[in-house]
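In what follows, every chain begins at residue 1, and chains take the letters A, B, ... in the order their sequences are listed. Keep in mind that the numbers below use all heavy atoms, side chains included, and drop hydrogens, waters and symmetry copies. These figures come from a predicted structure and were not determined experimentally.
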There are 2 protein chains.
Amino acid sequence: MICEDQGAALTPLRREVFELLLRHDRPVGAYELLDELKSLRPKAAPVTVYRALDFLLELGLVHKVNALNAFSACRGQEADHRGLVLICRSCKATVELEDHKIDNTIRRSAAELGFEAGDEPVEVVGTCASCRA
Amino acid sequence: MICEDQGAALTPLRREVFELLLRHDRPVGAYELLDELKSLRPKAAPVTVYRALDFLLELGLVHKVNALNAFSACRGQEADHRGLVLICRSCKATVELEDHKIDNTIRRSAAELGFEAGDEPVEVVGTCASCRA
DNA sequence: TATATAATGTAATAACATTACACTATTTTA
DNA sequence: TAAAATAGTGTAATGTTATTACATTATATA
Ligand SMILES: [Zn+2]
Ligand SMILES: [Zn+2]
Ligand SMILES: [Zn+2]
Ligand SMILES: [Zn+2]
(Lines give C-alpha, C1' and ligand atoms only; values in the text may rest on other atoms or scores of the structure.)
(Ligands and ions follow the chains in the order given, each with its own letter.)
Protein backbone atom coordinates (compact mmCIF):
# COMPACT_ATOMS: atom_id res chain seq x y z
CA MET A 1 0.00 0.00 0.00
CA ILE A 2 1.46 3.29 -1.09
CA CYS A 3 1.51 6.20 1.25
CA GLU A 4 -1.74 8.02 0.82
CA ASP A 5 -3.96 10.11 2.94
CA GLN A 6 -6.80 8.05 4.36
CA GLY A 7 -8.80 10.96 5.69
CA ALA A 8 -8.52 13.93 7.93
CA ALA A 9 -6.40 12.80 10.76
CA LEU A 10 -3.06 12.09 9.15
CA THR A 11 -1.39 14.91 11.03
CA PRO A 12 2.16 16.07 10.40
CA LEU A 13 3.41 14.05 13.36
CA ARG A 14 1.74 10.88 12.18
CA ARG A 15 2.94 11.44 8.66
CA GLU A 16 6.47 11.96 9.90
CA VAL A 17 6.41 8.68 11.76
CA PHE A 18 5.00 6.92 8.73
CA GLU A 19 7.63 8.43 6.46
CA LEU A 20 10.38 7.40 8.80
CA LEU A 21 9.08 3.87 8.55
CA LEU A 22 8.95 4.07 4.78
CA ARG A 23 12.65 4.91 4.68
CA HIS A 24 13.48 1.54 6.15
CA ASP A 25 13.15 -1.70 4.30
CA ARG A 26 12.95 -3.61 7.55
CA PRO A 27 10.79 -3.41 10.63
CA VAL A 28 11.97 -0.77 13.05
CA GLY A 29 11.62 -0.71 16.81
CA ALA A 30 9.61 2.05 18.44
CA TYR A 31 12.60 3.45 20.28
CA GLU A 32 14.77 3.45 17.19
CA LEU A 33 11.98 5.34 15.48
CA LEU A 34 11.85 7.68 18.45
CA ASP A 35 15.53 8.50 18.07
CA GLU A 36 14.97 9.38 14.45
CA LEU A 37 11.86 11.35 15.18
CA LYS A 38 13.68 13.41 17.78
CA SER A 39 15.79 15.07 15.12
CA LEU A 40 12.57 16.44 13.65
CA ARG A 41 10.75 16.87 16.93
CA PRO A 42 12.92 17.21 19.99
CA LYS A 43 9.92 16.93 22.27
CA ALA A 44 9.04 13.44 21.15
CA ALA A 45 8.68 10.81 23.86
CA PRO A 46 7.93 7.09 23.69
CA VAL A 47 4.23 7.69 23.90
CA THR A 48 4.47 10.07 20.96
CA VAL A 49 5.68 7.27 18.77
CA TYR A 50 3.33 4.65 20.14
CA ARG A 51 0.34 6.88 19.62
CA ALA A 52 1.29 7.62 16.06
CA LEU A 53 1.88 3.92 15.47
CA ASP A 54 -1.50 3.02 16.97
CA PHE A 55 -3.12 5.37 14.54
CA LEU A 56 -1.21 4.00 11.57
CA LEU A 57 -1.88 0.43 12.64
CA GLU A 58 -5.57 1.20 12.85
CA LEU A 59 -5.53 2.48 9.29
CA GLY A 60 -3.58 -0.52 8.10
CA LEU A 61 -0.73 1.67 6.87
CA VAL A 62 1.65 -0.03 9.25
CA HIS A 63 2.02 -3.57 10.54
CA LYS A 64 3.34 -4.62 13.87
CA VAL A 65 5.74 -7.52 13.59
CA ASN A 66 5.31 -9.36 16.86
CA ALA A 67 8.21 -11.68 16.24
CA LEU A 68 10.55 -8.65 16.27
CA ASN A 69 8.70 -6.19 18.48
CA ALA A 70 8.95 -3.81 15.60
CA PHE A 71 6.87 -1.97 13.05
CA SER A 72 6.96 -1.71 9.29
CA ALA A 73 5.19 0.38 6.70
CA CYS A 74 2.82 -1.81 4.80
CA ARG A 75 4.34 -2.92 1.52
CA GLY A 76 1.36 -4.84 0.27
CA GLN A 77 -0.34 -4.15 -3.03
CA GLU A 78 -3.92 -4.01 -1.84
CA ALA A 79 -5.39 -1.70 0.74
CA ASP A 80 -6.49 -3.52 3.89
CA HIS A 81 -5.02 -6.68 2.56
CA ARG A 82 -4.58 -9.86 4.52
CA GLY A 83 -1.73 -12.20 4.09
CA LEU A 84 1.59 -13.44 5.36
CA VAL A 85 4.78 -11.77 6.33
CA LEU A 86 7.98 -13.76 6.11
CA ILE A 87 10.57 -12.76 8.69
CA CYS A 88 14.22 -13.71 8.54
CA ARG A 89 15.36 -14.59 12.02
CA SER A 90 18.92 -13.79 11.07
CA CYS A 91 18.86 -10.44 9.26
CA LYS A 92 15.32 -9.38 10.28
CA ALA A 93 14.35 -8.71 6.71
CA THR A 94 10.68 -9.22 5.95
CA VAL A 95 8.63 -9.85 2.85
CA GLU A 96 4.92 -9.40 2.56
CA LEU A 97 3.00 -12.07 0.78
CA GLU A 98 -0.59 -11.53 -0.25
CA ASP A 99 -1.71 -15.01 -1.00
CA HIS A 100 -5.47 -15.31 -0.91
CA LYS A 101 -5.36 -19.05 -1.23
CA ILE A 102 -3.20 -19.58 1.84
CA ASP A 103 -5.11 -16.93 3.67
CA ASN A 104 -8.43 -18.57 2.90
CA THR A 105 -7.12 -21.99 3.85
CA ILE A 106 -5.95 -20.69 7.20
CA ARG A 107 -9.22 -18.90 7.81
CA ARG A 108 -11.27 -21.93 6.97
CA SER A 109 -9.27 -24.20 9.23
CA ALA A 110 -9.57 -21.68 12.03
CA ALA A 111 -13.29 -21.40 11.40
CA GLU A 112 -13.66 -25.16 11.82
CA LEU A 113 -12.53 -24.62 15.38
CA GLY A 114 -14.97 -21.77 15.86
CA PHE A 115 -12.18 -19.29 15.48
CA GLU A 116 -12.45 -16.17 13.37
CA ALA A 117 -9.06 -15.06 12.10
CA GLY A 118 -8.35 -11.34 12.23
CA ASP A 119 -6.76 -9.08 9.65
CA GLU A 120 -3.24 -8.89 10.99
CA PRO A 121 -0.68 -10.52 8.76
CA VAL A 122 0.26 -14.04 9.77
CA GLU A 123 3.92 -14.14 10.69
CA VAL A 124 6.22 -16.85 9.42
CA VAL A 125 9.68 -16.88 10.95
CA GLY A 126 12.49 -18.48 8.99
CA THR A 127 15.63 -17.77 7.04
CA CYS A 128 15.86 -15.67 3.92
CA ALA A 129 17.72 -16.61 0.78
CA SER A 130 20.76 -14.44 1.35
CA CYS A 131 21.17 -15.58 4.94
CA ARG A 132 21.07 -19.20 3.86
CA ALA A 133 23.69 -18.70 1.19
CA MET B 1 3.26 -33.44 23.21
CA ILE B 2 2.84 -34.92 26.68
CA CYS B 3 5.27 -34.06 29.43
CA GLU B 4 8.13 -36.51 29.17
CA ASP B 5 11.79 -36.46 29.95
CA GLN B 6 13.78 -35.71 26.83
CA GLY B 7 17.16 -36.61 28.25
CA ALA B 8 19.48 -35.76 31.08
CA ALA B 9 19.00 -32.10 31.71
CA LEU B 10 15.39 -31.75 32.76
CA THR B 11 16.37 -30.58 36.22
CA PRO B 12 13.89 -30.04 39.06
CA LEU B 13 13.81 -26.32 38.40
CA ARG B 14 13.11 -26.78 34.72
CA ARG B 15 10.49 -29.37 35.45
CA GLU B 16 8.82 -27.08 37.94
CA VAL B 17 8.58 -24.31 35.37
CA PHE B 18 7.20 -26.72 32.82
CA GLU B 19 4.63 -28.06 35.25
CA LEU B 20 3.52 -24.57 36.14
CA LEU B 21 2.92 -23.96 32.46
CA LEU B 22 0.98 -27.20 32.14
CA ARG B 23 -1.42 -26.06 34.85
CA HIS B 24 -2.55 -23.20 32.66
CA ASP B 25 -4.63 -23.63 29.58
CA ARG B 26 -3.46 -20.29 28.24
CA PRO B 27 -0.08 -18.75 27.58
CA VAL B 28 1.47 -17.27 30.67
CA GLY B 29 3.85 -14.34 30.95
CA ALA B 30 7.32 -14.90 32.33
CA TYR B 31 6.72 -12.66 35.32
CA GLU B 32 3.44 -14.31 36.16
CA LEU B 33 5.27 -17.61 36.04
CA LEU B 34 7.95 -16.10 38.25
CA ASP B 35 5.39 -15.20 40.87
CA GLU B 36 4.12 -18.74 40.91
CA LEU B 37 7.59 -20.21 40.94
CA LYS B 38 8.53 -18.11 43.95
CA SER B 39 6.16 -20.05 46.16
CA LEU B 40 8.25 -23.12 45.40
CA ARG B 41 11.57 -21.35 45.13
CA PRO B 42 11.82 -18.05 46.93
CA LYS B 43 15.18 -17.35 45.34
CA ALA B 44 13.79 -17.29 41.82
CA ALA B 45 14.51 -14.19 39.75
CA PRO B 46 13.47 -13.22 36.22
CA VAL B 47 16.52 -14.83 34.74
CA THR B 48 15.66 -18.06 36.51
CA VAL B 49 12.43 -18.28 34.58
CA TYR B 50 13.87 -17.15 31.28
CA ARG B 51 16.67 -19.69 31.48
CA ALA B 52 14.27 -22.51 32.18
CA LEU B 53 12.04 -21.31 29.36
CA ASP B 54 14.98 -21.16 26.95
CA PHE B 55 15.73 -24.75 27.74
CA LEU B 56 12.14 -25.86 27.31
CA LEU B 57 11.78 -23.90 24.08
CA GLU B 58 14.89 -25.56 22.74
CA LEU B 59 13.38 -28.95 23.44
CA GLY B 60 10.10 -27.95 21.88
CA LEU B 61 8.22 -28.62 25.11
CA VAL B 62 7.14 -25.01 25.25
CA HIS B 63 6.18 -22.44 22.66
CA LYS B 64 6.64 -18.74 22.86
CA VAL B 65 3.56 -16.85 21.73
CA ASN B 66 4.93 -13.63 20.30
CA ALA B 67 1.53 -12.04 19.92
CA LEU B 68 1.10 -12.19 23.72
CA ASN B 69 4.68 -12.08 24.99
CA ALA B 70 3.84 -15.27 26.79
CA PHE B 71 4.68 -18.95 26.90
CA SER B 72 2.62 -22.11 26.76
CA ALA B 73 3.31 -25.78 27.26
CA CYS B 74 3.09 -27.52 23.93
CA ARG B 75 -0.29 -29.15 23.49
CA GLY B 76 0.42 -30.69 20.14
CA GLN B 77 0.07 -34.40 19.43
CA GLU B 78 3.39 -34.94 17.73
CA ALA B 79 6.83 -34.31 19.12
CA ASP B 80 8.62 -31.46 17.34
CA HIS B 81 5.52 -30.75 15.36
CA ARG B 82 5.00 -27.76 13.16
CA GLY B 83 1.73 -26.02 12.76
CA LEU B 84 -0.47 -23.13 13.68
CA VAL B 85 -1.57 -21.63 16.92
CA LEU B 86 -4.82 -19.72 17.02
CA ILE B 87 -4.84 -16.88 19.54
CA CYS B 88 -7.95 -15.11 20.76
CA ARG B 89 -7.20 -11.43 21.03
CA SER B 90 -9.97 -11.04 23.55
CA CYS B 91 -9.56 -13.84 26.11
CA LYS B 92 -6.01 -14.88 25.12
CA ALA B 93 -7.03 -18.50 24.77
CA THR B 94 -5.00 -20.47 22.24
CA VAL B 95 -5.49 -23.63 20.25
CA GLU B 96 -2.78 -25.58 18.55
CA LEU B 97 -3.48 -26.83 15.09
CA GLU B 98 -1.23 -29.40 13.46
CA ASP B 99 -2.29 -29.16 9.87
CA HIS B 100 0.35 -30.54 7.57
CA LYS B 101 -1.45 -29.33 4.52
CA ILE B 102 -1.52 -25.71 5.59
CA ASP B 103 1.97 -26.00 6.91
CA ASN B 104 3.26 -27.37 3.63
CA THR B 105 1.41 -24.75 1.63
CA ILE B 106 2.97 -21.99 3.69
CA ARG B 107 6.41 -23.51 3.42
CA ARG B 108 6.14 -23.90 -0.33
CA SER B 109 5.01 -20.34 -0.84
CA ALA B 110 7.83 -19.12 1.36
CA ALA B 111 10.28 -21.28 -0.55
CA GLU B 112 9.21 -19.65 -3.82
CA LEU B 113 10.60 -16.45 -2.39
CA GLY B 114 13.80 -18.15 -1.32
CA PHE B 115 12.63 -18.24 2.22
CA GLU B 116 12.95 -21.30 4.43
CA ALA B 117 10.27 -21.38 7.11
CA GLY B 118 11.37 -22.39 10.59
CA ASP B 119 9.74 -24.73 13.07
CA GLU B 120 8.04 -22.25 15.34
CA PRO B 121 4.27 -22.38 15.21
CA VAL B 122 2.69 -19.82 12.92
CA GLU B 123 0.51 -17.49 14.95
CA VAL B 124 -2.98 -16.53 13.85
CA VAL B 125 -4.64 -13.82 15.89
CA GLY B 126 -8.41 -13.64 15.90
CA THR B 127 -11.47 -14.22 18.03
CA CYS B 128 -12.51 -17.52 19.57
CA ALA B 129 -16.00 -18.97 19.50
CA SER B 130 -16.96 -18.05 23.04
CA CYS B 131 -15.74 -14.48 22.68
CA ARG B 132 -17.77 -14.03 19.52
CA ALA B 133 -20.93 -15.35 21.14
C1' DT C 1 -16.96 33.42 20.74
C1' DA C 2 -17.94 29.52 23.70
C1' DT C 3 -17.81 24.65 23.87
C1' DA C 4 -16.50 20.23 22.74
C1' DT C 5 -13.36 17.06 20.66
C1' DA C 6 -8.98 15.56 18.97
C1' DA C 7 -4.14 15.72 19.24
C1' DT C 8 0.12 16.41 21.57
C1' DG C 9 3.33 17.37 25.67
C1' DT C 10 5.28 15.79 29.87
C1' DA C 11 6.39 12.69 33.54
C1' DA C 12 6.29 8.59 35.65
C1' DT C 13 5.91 3.80 35.74
C1' DA C 14 4.84 -0.88 34.22
C1' DA C 15 6.00 -4.99 31.70
C1' DC C 16 9.24 -7.81 29.35
C1' DA C 17 14.02 -9.47 28.80
C1' DT C 18 19.17 -9.74 29.10
C1' DT C 19 23.99 -9.24 30.88
C1' DA C 20 27.65 -10.12 34.03
C1' DC C 21 29.73 -12.41 37.41
C1' DA C 22 29.81 -15.49 41.58
C1' DC C 23 28.89 -19.88 43.34
C1' DT C 24 27.48 -24.83 43.36
C1' DA C 25 26.64 -29.34 41.46
C1' DT C 26 27.78 -32.72 38.19
C1' DT C 27 30.61 -34.97 34.90
C1' DT C 28 35.00 -36.07 32.88
C1' DT C 29 39.81 -37.19 32.92
C1' DA C 30 44.23 -37.98 34.87
C1' DT D 1 39.99 -40.34 44.17
C1' DA D 2 41.61 -35.62 43.05
C1' DA D 3 41.78 -32.18 39.72
C1' DA D 4 39.74 -30.00 36.02
C1' DA D 5 36.07 -28.95 33.10
C1' DT D 6 31.24 -28.28 32.19
C1' DA D 7 26.57 -27.33 33.31
C1' DG D 8 23.33 -25.29 36.25
C1' DT D 9 21.80 -21.83 39.54
C1' DG D 10 22.08 -17.43 42.53
C1' DT D 11 22.34 -12.57 42.73
C1' DA D 12 22.34 -7.90 41.19
C1' DA D 13 21.99 -4.69 37.94
C1' DT D 14 20.52 -3.00 33.70
C1' DG D 15 18.42 -2.79 29.12
C1' DT D 16 14.32 -2.73 26.14
C1' DT D 17 9.51 -2.31 25.09
C1' DA D 18 5.04 -0.31 26.20
C1' DT D 19 1.43 2.01 28.99
C1' DT D 20 -0.93 5.24 32.28
C1' DA D 21 -2.27 9.70 33.92
C1' DC D 22 -2.88 14.24 33.53
C1' DA D 23 -1.83 18.91 31.54
C1' DT D 24 -1.79 21.69 27.50
C1' DT D 25 -2.67 23.00 22.75
C1' DA D 26 -5.00 22.78 18.34
C1' DT D 27 -9.12 22.00 15.67
C1' DA D 28 -13.89 21.52 14.84
C1' DT D 29 -18.69 22.57 16.01
C1' DA D 30 -22.45 25.23 17.82
ZN1 LIG E 1 0.76 -4.93 4.41
ZN1 LIG F 1 18.14 -12.94 6.28
ZN1 LIG G 1 3.09 -27.51 20.18
ZN1 LIG H 1 -11.74 -15.63 23.32
Side-chain angles (χ1 to χ4, degrees), chain A residues 5-21 24 26-59 61-72 87 89 92 120 123 125, chain B residues 5-21 24 26-59 61-72 87 89 92 120 123 125:
Chain A
D5 194 321
Q6 290 276 120
L10 186 58
T11 63
L13 171 59
R14 289 162 173 174
R15 181 179 286 275
E16 282 158 25
V17 170
F18 183 52
E19 290 181 349
L20 287 174
L21 277 175
H24 292 271
R26 313 189 279 126
V28 185
Y31 279 74
E32 190 182 346
L33 221 42
L34 174 57
D35 281 343
E36 297 177 0
L37 183 62
K38 274 180 174 162
S39 62
L40 297 168
R41 245 170 225 269
K43 291 174 181 173
V47 74
T48 313
V49 171
Y50 282 105
R51 285 197 284 224
L53 289 171
D54 284 346
F55 172 86
L56 296 166
L57 288 166
E58 197 77 23
L59 250 59
L61 291 172
V62 165
H63 301 303
K64 173 159 192 188
V65 180
N66 290 315
L68 302 175
N69 292 321
F71 303 85
S72 60
I87 304 157
R89 86 178 82 242
K92 320 302 187 203
E120 299 87 347
E123 302 181 13
V125 177
Chain B
D5 193 321
Q6 290 277 120
L10 187 57
T11 62
L13 170 60
R14 289 163 175 174
R15 180 180 287 276
E16 282 158 23
V17 170
F18 183 53
E19 290 180 349
L20 286 175
L21 278 175
H24 293 270
R26 310 189 281 127
V28 185
Y31 278 72
E32 190 182 345
L33 221 44
L34 175 57
D35 282 344
E36 298 177 358
L37 183 62
K38 274 181 174 162
S39 61
L40 298 167
R41 248 172 224 267
K43 290 175 181 174
V47 74
T48 312
V49 170
Y50 282 106
R51 286 198 284 224
L53 289 171
D54 284 346
F55 173 85
L56 296 165
L57 288 166
E58 196 78 23
L59 251 58
L61 290 171
V62 165
H63 300 302
K64 172 157 194 188
V65 181
N66 291 315
L68 302 175
N69 291 323
F71 303 85
S72 61
I87 303 159
R89 87 177 81 242
K92 320 302 186 203
E120 299 87 348
E123 301 181 12
V125 177

Open item on the list: Between Thr11(B) and dT9(D), is there a contact of a side-chain N or O with OP1 or OP2 at under 4.0 Å?
Closed with: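 Yes, Thr11(B) has a side-chain N/O under 4.0 Å of OP1/OP2 on dT9(D).
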If I take atom [atom1] in residue [X] and atom [atom2] in nucleotide [N], what distance separates them, rounded to the nearest angstrom?
X        : N       : atom1 : atom2 : value
Asp35(B) : dA15(C) : CG    : P     : 11 Å
Leu68(B) : dA15(C) : CG    : C1'   : 14 Å
Leu53(B) : dT9(D)  : CG    : C1'   : 15 Å
Leu40(A) : dT8(C)  : CG    : P     : 14 Å
Arg41(A) : dG9(C)  : CZ    : C1'   : 11 Å
Leu34(B) : dT9(D)  : CG    : P     : 15 Å
Leu13(A) : dA7(C)  : CG    : P     : 11 Å
Leu37(B) : dG10(D) : CG    : P     : 9 Å

Open item on the list: Just verifying a value: how many Å separate Asp54(B) CG and Tyr50(B) OH, rounded to the nearest 0.5 Å?
Closed with: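 Output value for this atom pair is 10.0 Å.
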Task: Separation between CZ of Phe71(A) and CD of Glu32(A), rounded to the nearest 0.5 Å - done: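 Rounded to the nearest 0.5 Å, the CZ-CD separation comes to 12.0 Å.
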Task: Results of salt bridge (charged side-chain N to carboxylate O under 4.0 Å, His left out) for Arg89(A) - residues two or more places apart only - done: Glu120(B)
Would you tabulate the nitrogen or oxygen pairs shorter than 3.5 Å linking the protein to nucleotides 18-22 of chain D?
| from | atom 1 | to | atom 2 | distance (Å) |
| --- | --- | --- | --- | --- |
| dA18(D) | OP1 | Lys64(A) | NZ | 2.6 |
| dA18(D) | OP2 | Tyr50(A) | OH | 2.9 |
| dA18(D) | O5' | Tyr50(A) | OH | 3.3 |
| dA18(D) | N7 | Tyr31(A) | OH | 2.5 |
| dA18(D) | N6 | Tyr31(A) | OH | 3.1 |

TODO: Taking side-chain hydrogen bond (donor to acceptor under 3.5 Å, both in side chains) as the test, write out the residues that go with Arg51(B), two or more places apart.
DONE: none
Task: With Arg41(A) via side-chain hydrogen bond (donor to acceptor under 3.5 Å, both in side chains) - residues at least two apart - done: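 Here the qualifying residues are Glu16(A).
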Task: Estimated bend of the helix from dT1(C)-dA30(D) to dA30(C)-dT1(D) (axis per five terminal pairs, rounded to 10 degrees) - done: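 Between the axes fitted at each end of the helix from dT1(C)-dA30(D) to dA30(C)-dT1(D) lies an angle of 30°.
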Open item on the list: Any heavy-atom pair between the side chains of Arg14(A) and Val17(A) that's under 4.5 Å?
Closed with: no
Task: side-chain contact (heavy atoms from CB on, under 4.5 Å) partners for Glu58(A), two or more places apart - done: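 Counting only residues at least two positions away or on another chain, Glu58(A) forms no side-chain contact (heavy atoms from CB on, under 4.5 Å).
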- [ ] Check the pair Tyr31(B), Asp35(B) against side-chain contact (heavy atoms from CB on, under 4.5 Å), reporting the backbone distance first and the verdict last.
- [x] CA-CA 6 Å; Tyr31(B) 278 72; Asp35(B) 282 344; 5.9 Å; no
Task: Test side-chain contact (heavy atoms from CB on, under 4.5 Å) applied to Leu61(A) and Leu21(A), step by step - done: CA-CA 10 Å; Leu61(A) 291 172; Leu21(A) 277 175; over 6 Å; no
